[in-house]
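Note sheet for the following structure.
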Amino acid sequence: MKQFFACISLLILMSGTGVFAQTLNMDNYFAWCIVPFDNLNRSPEQRIEMLKNLGFESYAYDWRAEHLPEMANEISLAQKNGIEMNAVWMWLDDKDTVGNLSANNWKVLQTLEESGLKTQIWVSFPEDYFDNMTEQQRLEKAVDIVGYVSSEAKRLDCKVGLYNHGGWFWTARKPRENL
C-alpha cells in the first residue's frame with residue numbers, strides 16, 4: 001500500500017514539472033472521472049487546460065446532472081485544443097426504458113448529435129438493475145436496453161461499450177457460488 005501512495009505522490013509531484021508527460025508514453029493513457037470527482041470543481045476551460053498541462057491527449061467524459069449544461073462547450077473546447085473525448089459515460093437505471101431514456105441520458109445523446117462528436121458511449125447499470133429476475137429475464141432486459149442505446153448510438157455514428165461499474169456483470173448472472 002505504501003508503494004501505491006508513493007507512486008501516486010510521485011506522479012502528482014512530477015505532473016507540475018512536465019516530467020510526467022515526458023516519462024510516460026501518453027498515447028497509452030487517457031483521463032477518466034475528472035469531471036464529477038474533481039474537488040476543485042474546475043470549469044470546462046480549466047479541465048482542458050489541466051489535461052494539456054498533464055500531457056493527456058484524450059479523456060472519457062464522466063458526468064453528473066449539473067455538468068450536462070456545459071457538455072457541449074467542453075466538447076468544443078476539447079476539439080479546439082486537440083484533445084479527444086474518446087468516450088462518454090451513460091448510466092442506465094429504472095428510469096431508462098426502451099424508447100424512453102431519462103432526461104439526462106437524452107441530453108447526452110442530444111449533445112453528441114448537435115456537436116457531431118463520434119465517440120464511444122460507455123453503458124453502466126446500478127448493481128440492483130437486475131434484482132429479482134430470472135437469468136432469462138436479466139438477459140432479455142440487458143439485450144433490450146443495450147440494443148436500444150446501440151441503435152441510438154449507431155444513428156449518431158457512435159459505438160457502445162459496456163462499463164462494468166459496481167460489478168453489474170456478476171449481478172446479471174447466476175450468483176458466484178453457482179458458477
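Note that the structure is a prediction, hence the values are computed from the model and not measured. The basis for the numbers below is simple: all heavy atoms, side chains too, and nothing from hydrogens, waters or symmetry mates.
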Checklist entry - For E57, what residues pass the side-chain hydrogen bond (donor to acceptor under 3.5 Å, both in side chains) criterion, not counting sequence neighbours? => result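 In terms of side-chain hydrogen bond (donor to acceptor under 3.5 Å, both in side chains), with neighbours along the sequence ignored, E57 is linked to no residue.
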Checklist entry - Looking at residues at least two apart in the chain, or sitting in another chain, which of them share a side-chain hydrogen bond (donor to acceptor under 3.5 Å, both in side chains) with T97? => result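 Once residues adjacent in sequence are excluded, T97 has no partner under the side-chain hydrogen bond (donor to acceptor under 3.5 Å, both in side chains) criterion.
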Sub-3.5 Å donor-acceptor pair from the side chain of [X] to the main-chain atoms of [Y], do we have one?
| X | Y | result |
| --- | --- | --- |
| S76 | A72 | no |
| S58 | N86 | no |
| S102 | D96 | no |
| D62 | V35 | no |

Item to check | F30 vs M85, side chain to side chain contact (heavy atoms under 4.5 Å, CB included): CA-CA, chis, key distance, verdict | outcome: CA-CA 9 Å; F30 62 91; M85 190 179 288; over 6 Å; no
When you compare the side chain of [Y] with that of [X], does any pair of heavy atoms fall below 4.5 Å?
| X | Y | answer |
| --- | --- | --- |
| I121 | K159 | no |
| K95 | L101 | no |
| M71 | L112 | yes |
| F125 | V146 | yes |
| I34 | R42 | no |
| E84 | F56 | no |
| W63 | V88 | yes |
| P36 | H67 | yes |

Item to check | Which atom of T134 lies closest to which atom of Q137, heavy atoms considered | outcome: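 Looks like N-OE1, 2.8 Å.
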Item to check | Least distance between heavy atoms, P69 atom then A65 atom | outcome: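 P69 and A65 have their closest heavy atoms at CD-O, 3.5 Å.
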Checklist entry - So, E135 and R138, do they make that salt bridge, N to O below 4.0 Å? => result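 Here E135 does not pair with R138 in a salt bridge, since their nearest N and O are not under 4.0 Å apart.
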Item to check | D94/K141 salt bridge by N-O under 4.0 Å criterion | outcome: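 Yes, this pair counts.
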Checklist entry - Is the centre of the W32 ring less than 6.0 Å from the centre of the Y61 ring? => result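 No, they do not, as the ring centres are separated by 6.0 Å or more.
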Item to check | Flag if over 12 foreign heavy atoms under 6.0 Å of NZ, K118 | outcome: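 Count over threshold, so yes.
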Checklist entry - Would you say the side chains of Y59 and E74 form a donor-acceptor pair under 3.5 Å? => result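 Judged by distance alone, the side chains do pair up.
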Checklist entry - Distance only, no hydrogens: is a donor on one side chain within 3.5 Å (strictly under) of an acceptor on the other, for S43 and E45? => result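 Yes, a side-chain donor-acceptor pair sits under 3.5 Å.
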Atom [atom1] of [X] and atom [atom2] of [Y]: how far apart are they, to the nearest 0.5 Å?
| X | Y | atom1 | atom2 | value |
| --- | --- | --- | --- | --- |
| N53 | M50 | CG | CE | 9.0 Å |
| L156 | Q110 | CG | CD | 11.0 Å |
| N104 | L109 | CG | CG | 11.5 Å |
| M133 | L139 | CE | CG | 11.5 Å |
| I48 | I83 | CD1 | CD1 | 5.0 Å |
| T119 | L117 | OG1 | CG | 5.0 Å |

Next on the checklist: Using the rule given for side chain to side chain contact (heavy atoms under 4.5 Å, CB included), can you reason through M90 versus L92, listing the C-alpha separation, both sets of side-chain angles and the distance that settles it, and then say yes or no?
Outcome noted: CA-CA 6 Å; M90 181 176 282; L92 298 173; 4.0 Å; yes
